[in-house]
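Because only heavy atoms are used, hydrogens play no part in the values below, and waters and symmetry mates are left out as well, while side chains stay in. If you're wondering where the values come from, they're calculated on a predicted model, not measured in any experiment.
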Amino acid sequence: MHDSNMTTRTIKRYSNRKLYDTQDSHYVTLQQIAGLIRNGDEIRVIDKTTQQDLTAATMAQIIFEEEKRGPRLPVEGLRRIIRSGLPAH
C-alpha cells in the first residue's frame with residue numbers, strides 16, 4: 001500500500017504517442033501504466049507540447065484495450081458511465 005502523502009506520478013505523452021514516466025525516466029506502455037494504477041500510484045498524463053491533461057482519455061484507452069482482450073466489465077456499468085458523461089456539444 002502507498003503512503004497518502006505520495007506525489008502524483010507524471011506521464012508525458014509525446015507527439016509520436018509514446019508515454020514517458022518522468023519519475024523513473026523511461027518510456028512506458030499503457031499496460032505498465034495500468035499496473036502502476038493497480039498498485040495504488042496516482043497518475044497524471046499530460047501532453048508534452050500543450051500541457052493538456054490526458055489522464056481520463058488515457059485511462060479510457062487502458063479500459064478499451066483490456067476489454068478488447070476479453071470483456072470483464074458489465075455493460076450496464078459502462079452504459080451508466082456514458083450516460084453520466086459530459087453533454088454533447
Side-chain angles (χ1 to χ4, degrees):
M1 205 62 174
H2 284 77
D3 185 308
S4 61
N5 294 330
M6 190 177 128
T7 58
T8 300
R9 182 184 294 253
T10 300
I11 307 292
K12 290 186 179 181
R13 183 177 184 269
Y14 286 78
S15 59
N16 61 4
R17 297 178 46 185
K18 284 192 173 190
L19 299 160
Y20 188 80
D21 181 342
T22 61
Q23 181 173 315
D24 290 343
S25 300
H26 64 86
Y27 289 101
V28 292
T29 63
L30 287 174
Q31 191 171 4
Q32 289 169 317
I33 293 172
L36 292 170
I37 294 168
R38 285 188 188 99
N39 288 334
D41 287 17
E42 290 295 321
I43 301 293
R44 181 168 181 251
V45 181
I46 59 166
D47 183 283
K48 183 187 179 301
T49 304
T50 66
Q51 301 301 304
Q52 179 183 2
D53 188 336
L54 302 173
T55 306
T58 302
M59 288 181 177
Q61 190 175 5
I62 289 168
I63 292 168
F64 174 73
E65 292 299 327
E66 291 187 354
E67 284 295 299
K68 279 193 334 188
R69 280 189 229 112
R72 298 186 302 175
L73 296 174
V75 172
E76 187 52 42
L78 294 170
R79 189 176 287 122
R80 277 196 307 274
I81 290 170
I82 292 168
R83 286 181 178 154
S84 68
L86 298 174
H89 294 282

Sequence neighbours excluded, which residues qualify as side chain to side chain contact (heavy atoms under 4.5 Å, CB included) partners of Ile37? Ile33, Ile43, Met59, Ile62

Pairs meeting criterion salt bridge (Lys or Arg N to Asp or Glu O under 4.0 Å) with involvement of residues 53-64, two or more places apart: Arg44-Asp53

Return each pair, listed once, that meets salt bridge (Lys or Arg N to Asp or Glu O under 4.0 Å) where at least one residue sits in residues 15-38; pairs must be two or more places apart or across chains. Arg9-Asp21, Arg9-Asp24, Arg38-Glu66

Same cluster or not: are Tyr20 and Ile46 linked, directly or through other Ile, Leu, Val, Met, Phe, Trp or Tyr residues, by side-chain heavy atoms under 4.5 angstrom apart? no

Joint cluster assignment, Val28 & Leu30, ILVMFWY side-chain distance < 4.5 Å: yes

So, taking the atom named [atom1] in [X] and the one named [atom2] in [Y], what distance separates them when rounded to the nearest 0.5 Å?
X	Y	atom1	atom2	answer
Arg13	Thr49	CZ	OG1	10.0 Å
Ile11	Thr58	CD1	OG1	9.0 Å
Ile81	Glu76	CD1	CD	10.5 Å

Spell out, as yes or no, whether a donor-acceptor pair under 3.5 Å connects the side chain of Gln32 to the backbone of Thr29. yes

Counting only N and O atoms by type, is there a donor-acceptor contact under 3.5 Å from the side chain of Thr10 to the main-chain atoms of Thr22? no

Test of understanding: with ring pair (Phe, Tyr, Trp, His ring centres under 6.0 Å), list the residues that count as partners of Tyr14, not counting sequence neighbours. none

For Arg69, all residues meeting salt bridge (Lys or Arg N to Asp or Glu O under 4.0 Å), sequence neighbours excluded: none

Sorted by chain and residue number, the side chain to side chain donor-acceptor pair (under 3.5 Å) partners of Arg83 (sequence neighbours excluded) come out as none

Can you tell me if Gln51 has over 12 outside heavy atoms packed within less than 6.0 Å of its CD? yes

